[in-house]
Amino acid sequence: MNAPQATAASTRLTYREACKQALREALLSDPRVFLMGEDIGRYGGCYAVTKGLLEEFGEERIRDTPLSESAFVGAGVGAAMAGMRPIVEIMTVNFSLLALDQILNNAVTIPHMSGGQFAIPLVIRMATGGGRRVAAQHSRSLEGWYAHIPGLRVLTPATVEDARFMLKGALADPNPVIIFEHVMLYNMEGDFPSDMKEVDIARAKVRRAGRDVSLITYGGSLFKALQAADALAAEGIDAEVVDLRVLRPLDTKTILNSVARTRRCVIIDEGWRSGSISAEVGMRLAEEAFFELDAPLRRVCSREAPIPYAAHLEDACLPQAATIVIVARELVRPS
Amino acid sequence: MTKKVHLDHAHLLHLLKAMIRIRHFEAKCVELYQAQKILGFLHLYDGEEAVSVGVMEALTQDDAVIATYREHGQALSRGVDPKCLMAEMMGKLNGCCRGRGGSMHFFDRARRFYGGNAIVGGGLPLALGVALADKMQRRSAVTACFFGEGAVDEGEFHETLNLAKLWRLPILFVCENNLYSMGMAVERAEADIDFVHKASGYRVAGEKVDGMDVVAVESAARNAVDRIRSESDPYFLECRTYRLRAHSMFDAQLYRSKDEVEAWRKKGPIVRFQTWLEANRLIKPEELATIEQDVDKEIAAAVAFAEAGPLEPVSELERFVTMEEVPS
């Protein structure tokens, strides 16, 4: 996506560069911060996010790890318990399954189970999502699974400004935070005000205001929703686009406010429909905004299959702007 | 560099008392369990006392400990207050974790006791992190990481040993080989029952020690810790021991004979050490009586403390799901 040209008062970056600047800032501002993960050093990161950091900060703080997700994520938990501020990169969400025990059984249970004796100020970054024609084992969107777990904060930066500043908020949080970076966003360019220093990691954000229907989404689907909103505008349908940004704890208020204005809602989620974050958002609306709604809640999710390799099948599997347009149109102008 | 344990009279009595404390504490836990004042799983350390008592002697207060779900012995010998432990067993607010952890999840920040862990092998990666944090903060602390021989079959054991050696982290790996992971006998679970050999596969130096001999364990642990500090390298200690009781209170022990257990009980660490002290006239009957009385008084006080302890209000249930700050 190409946003409008930068003005003098704005900073223009790629999403990848924004992630890297955030990491650099963290390393420079706090000696307790260090990075750990597969190929983050010599290789430069599999998405080139950490390229150059090894040369700048050295091997003690930019730690290449062997293919041992459970051990290095667990080491992040232990290091956080013992006074450090580790940032662990898991190459993709698919590999995070090998570290799920450390995340689920240690990182989020220890603060509560120890009666508050220990916090786990750990940040885990991982790439997520489909669209790169790399088949089922490299294309998952499991953010919703992680959002199921009490004790985690789950962030999904979709814009360059969020990619640049969410890490800072995550590091200030005394709890384990997972940041999901959608693989299709790394090359995206965008800008934000030059004087910007931080973003709120508690709130969803209305990315486009509208009156007729709320398109509620996050991460890689945000730009599909914005594209759909453009197409709908051409038909005279004014769609509001809400970026969840934080999947846990969910900012229900912003969602409710939006739906109270538009009275119609489509939730777009790259996760599978069954048991997804879209199910949670929909149910909260059903619980708290039922009488505000002028139409049934609708969803556009990934088809309930492993993500296929073949381009036409993958496209058919993932949410697309065209589908969002159709569903939103049906809600606003039922035939 | 071999360092002998300084076996003066006071130290011998201290070792015996530390083991008896664990044994009596757990005997009381069994009573309270039968009275349904302690619930859930109860994994007893009966027979393995020499391991944690011996290893803890080698550690200073600056060192760190990662425990297992069978960690009453590890916690007591680390010096965690028996009162808080008993209250934790009974699910009370004055327990070491406000009654949220129970038997398998003791934590004590002040003693750098980084918790029991009910997931077999789950504590091993934590040890990497604690040791790494100490190293990066230029502290000379050693992390003692306890785990059973069953944990060796988990991938985390292998991942952790590899990284510990690669990053030269000051970790004392203490394998409590009690010959059974639940009902799975070690020779049925392992293609190679030589654990020191497995550690050496990651170039982690180690040795096997008689885990029924508290002096042998202490001596080996002291040498190991000295070596870890001086060479900045992990070390692996396999303590051969035996679990004299069932895996947990739900275990009917169908997988082994009573004769086998009886034979091992005769070799138990307390009876063995006490018999040796008596045979060598290193302990007087009245000294033994005093130890037992002191320990029983301590445990009675712990039970009273626990019984009197309040319950955490249900309104606090969600407290510490997320922390408001990092405790300093």
Side-chain angles (χ1 to χ4, degrees), chain A residues 31-34 36 59-61 63-86 88 98-99 101-102 104-122 149-153 171-177 248-249, chain B residues 64 66 88 93 95-102 105-110 112 114-115 117-119 121-137 139 141 143 154-156 158-164 166-167 169 312 317-328:
Chain A
R32 298 171 303 178
V33 169
F34 69 101
M36 195 159 42
E59 288 195 348
E60 192 177 34
R61 296 184 76 198
R63 308 188 81 93
D64 272 319
T65 64
L67 311 183
S68 304
E69 284 83 0
S70 189
F72 69 74
V73 172
V77 177
M81 289 173 85
M84 299 299 282
R85 293 290 180 276
V88 173
L98 296 159
D101 171 59
Q102 289 299 325
L104 188 43
N105 282 319
N106 281 338
V108 300
T109 56
I110 287 172
H112 190 256
M113 203 162 58
S114 68
Q117 290 181 74
F118 292 97
I120 313 290
L122 166 69
I149 305 169
L152 286 179
R153 182 181 292 278
L171 284 165
D173 189 326
N175 302 292
V177 179
R248 186 176 193 105
Chain B
I66 305 277
E88 187 61 28
L93 182 56
C96 63
C97 301
R98 305 167 70 95
R100 286 142 174 245
H105 309 288
F106 293 158
F107 287 82
D108 188 341
R109 185 184 178 85
R112 301 205 76 196
Y114 288 89
N117 207 305
I119 309 298
L124 282 143
L126 296 183
L128 284 175
V130 172
L132 179 61
D134 283 337
K135 188 173 179 175
M136 290 182 79
Q137 291 169 96
R139 295 194 287 245
T143 297
E154 300 282 359
E156 281 166 325
H158 302 272
E159 294 186 17
T160 297
L161 258 74
N162 181 50
L163 267 166
L166 190 69
W167 289 350
L169 296 177
E312 182 163 30
L317 171 66
E318 286 170 5
R319 194 169 166 205
F320 307 126
V321 172
T322 53
M323 298 285 288
E324 280 160 29
E325 58 185 33
V326 178
S328 54

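To find a chain, count down the sequence lines: A is the first, B the second, and so on, and within it residues start at 1. For clarity, every value in this text was computed on a predicted model and none was experimentally measured. For the numbers below, each heavy atom of this structure counts, side chains included, while hydrogens, waters and symmetry mates do not.
- With contacts defined as side-chain heavy-atom distances shorter than 4.5 Å, the pair B/L126/A/Q102 qualifies.
- A distance of 12.0 Å separates CE of B/M136 from CZ of A/R32, quoted to the nearest 0.5 Å.
- Contact of A/R85 with chain B is made through the side chain alone, with heavy-atom distances under 4.5 Å.
- Using a 4.5 Å cut-off between heavy atoms, A/P121 contacts chain B through its side chain alone, with no backbone atom that close.
- Between A/A119 and B/V326 the shortest heavy-atom distance is CB-CA, 3.9 Å.
- Every residue two or more places apart in sequence or in another chain was checked for a salt bridge (charged side-chain N to carboxylate O under 4.0 Å, His left out) with B/R109, and none qualifies.
- Proximity of A/D101 to B/E156: side-chain heavy atoms (C-beta onward) are separated by under 4.5 Å at one or more points.
- Top candidate by heavy-atom pairs under 4.5 Å with chain B, chosen from A/V77, A/N105, A/I120, is A/N105.
- Scored by the salt bridge (charged side-chain N to carboxylate O under 4.0 Å, His left out) test, A/R63 finds no partners at all (sequence neighbours excluded).
- Just one residue in the list B/R100, B/R319, B/E318, B/R98 forms a side-chain hydrogen bond (donor to acceptor under 3.5 Å, both in side chains) with A/H112, and that residue is B/R100.
- Considering every non-hydrogen atom in both A/G116 and B/P327, the closest pair reads O-CG, 3.7 Å.
- For the atom pair B/D108 CG and A/F118 CZ, the distance stands at 8.0 Å (nearest 0.5 Å).
- Listed here is the closest heavy atom pair of B/M323 and A/P111: CG-CB, 3.8 Å.
- Side-chain contact check for B/F107 versus A/I110: some heavy-atom pair is nearer than 4.5 Å.
- Across all non-hydrogen atoms, the minimal contact from B/T322 to A/G151 is CG2-CA, 4.1 Å.
- The CG atom of B/N117 lies 7.5 Å from the OG1 atom of A/T109; values are rounded to the nearest 0.5 Å.
- For a residue to count as touching a neighbouring chain, one of its non-hydrogen atoms must lie under 4.5 Å from one of that chain's; by this rule B/E324 touches chain A with the backbone only.
- With contacts defined as side-chain heavy-atom distances shorter than 4.5 Å, the pair A/P66/B/L163 qualifies.
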**Request:** Tell me, with the steps shown, if B/C97 and A/Q117 meet side-chain contact (heavy atoms from CB on, under 4.5 Å).
**Result:** CA-CA 8 Å; B/C97 301; A/Q117 290 181 74; 4.0 Å; yes
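- Heavy-atom distances place no part of B/I66 under 4.5 Å from chain A, backbone and side chain included.
- No other option in B/A133, B/P125, B/S328 has as many heavy-atom pairs under 4.5 Å with chain A as B/P125.
- The part of B/E325 that comes within reach of chain A is its backbone (N, CA, C, O), which places non-hydrogen atoms under 4.5 angstrom from that chain.
- Rounded to the nearest 0.5 Å, atoms CG (B/L132) and CD (A/E60) are 8.0 Å apart.
- In this structure, CG in B/L128 is found 10.0 Å from OG in A/S70, a value given to the nearest 0.5 Å.
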